[in-house]
Amino acid sequence: MLVAEDLSAVGGISLSAAVPVLTAMDYQVAALPTSLLSTHTSGYGTPAIVDLSAWLPQVFKHWTTAQLDFQQALIGYVGSVALCQLLTDYLTKQSLELLVVDPVLGDLGRLYDGFDAAYVVAMRQLIKPADVILPNVTEACLLTGTPYQSQPELAPLLQQLQQQLKSGAQAIITDVTQDDQIGCAWLANDQVQFSGQQRLPGHYNGTGDTLAAVLAGLLGRGYSLERSIRLANQWLNQAVAATLAQHRASERQGIALSGILREILALDQG
Ligand code: ATP
Ligand code: MG
């Protein structure tokens, strides 16, 4: 599986979280950083960043010469219009059995720093070849041009997302609140489906990235969409609970992953 997203040396999110999760599921992972950061961007001050836009075309050229064919791909944080276009071109030429795109654009109704309307347009291209996309509510609103609401009407939002995807592809909104639960919403036979778990107190870094890695891994292993989402939400809830139980002095390090790894290994044996 090709996994492309930022590599933050410190903070335990994105690529650092995806690689162990997918390795535990027995994937051979090609870990492609889209940029290098000294830390992630939440809680450590301004990170030292290396932009890898000049390197990526060389990587793709080499991989093409080496005839490296990926069966699955997971795309997370990309970071620039140029990188989105490079990835879109490369992925469109691959014959993948599964392409999962987490269209990372923003949260809580706002674009992340450094992103603008042109970046949203580039992301609309990157989701076109995807089999599964995992926007949060903010990203679903941005992709569809819907004014942001924290608890939007899900049916029209999901329908509009589906219209932007190829036939048979699936949009899953990842941070949906229903009563005291947080979870995922998607459409099945035009009906909104929801699978969630109790929302635990606090805010955590890396939950979205880890959810994406778990879902991509389970779907690639042939688990149904519903079972994959249900397991992913259960495991994320346990990981957040384990993080809470550690009574950490600061919130900036990503969630505790070892429980998820144990669940994955137990699943493979059973
Ligand atoms: P990100 O903000 O990292 O881009 P996201 O907005 O797509 O990701 P999150 O809000 O991080 O999604 O939530 C992803 C999943 O993590 C949820 O579906 C849920 O399973 C779990 N999760 C996140 N926060 C909590 C919480 N406070 N309590 C329990 N589970 C949580
Ligand atoms: Mg979020």
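One-based numbering, in listed order, for ligands and for the atoms of each.
Of the heavy atoms in Y112, only side-chain atoms (C-beta onward) come closer than 4.0 Å to ligand 1. The backbone of Q198, and not its side chain, has at least one atom closer than 4.0 Å to an atom of ligand 1 (non-hydrogen atoms only; backbone = N, CA, C, O). Of the heavy atoms in T174, both backbone and side-chain atoms come closer than 4.0 Å to ligand 1.
Annotation: F115 is in aromatic contact with Y77 [ring centroid separation under 6.0 Å]. Aromatic ring centres of W186 and F194 lie farther apart than the 6.0 Å criterion allows.
Residue pairs meeting the salt bridge (Lys or Arg N to Asp or Glu O under 4.0 Å) criterion with at least one member in residues 223-233: none, sequence neighbours excluded.
With distances taken over non-hydrogen atoms, the option nearest atom 1 (P) of ligand 1 out of G208, S195, S14 is G208. Of the listed options N136, L108, I172, N136 places a heavy atom closest to atom 6 (O) of ligand 1. For atom 12 (O) of ligand 1, the choice among D175, N205, I229, L244 with the nearest heavy atom turns out to be D175.
The distance from ligand 1 to the heavy atoms of R199 drops below 4.0 Å at these ligand atoms: 27 (N), 28 (N). Listed by atom number, the atoms of ligand 1 under 4.0 Å from G202 heavy atoms are 27 (N). In the vicinity of D107, heavy-atom distances shorter than 4.0 Å reach the ligand 1 atoms 2 (O), 6 (O).
The side-chain hydrogen bond (donor to acceptor under 3.5 Å, both in side chains) search around R248 returns Q246, not counting sequence neighbours.
For the pair R252 and Y204, the cation-pi criterion (under 6.0 Å, within 45° of the ring axis) is not fulfilled.
Residues T138 and R110 have side chains that never bring a donor and an acceptor to within less than 3.5 angstrom of each other.
Under the 30°/60° scheme for interplanar angles, the aromatic rings of F60 and Y90 are found to lie parallel.
Between N237 and ligand 1, no pair of N/O atoms sits closer than 3.5 Å. Polar contact check, T207 against ligand 1: a nitrogen or oxygen pair lies under 3.5 Å apart. Of the N or O atoms in L200, one or more lie within a sub-3.5 Å distance of an N or O in ligand 1.
Exactly one of D180, N237, T177, D179 qualifies for a side-chain hydrogen bond (donor to acceptor under 3.5 Å, both in side chains) with R199. That residue is T177.
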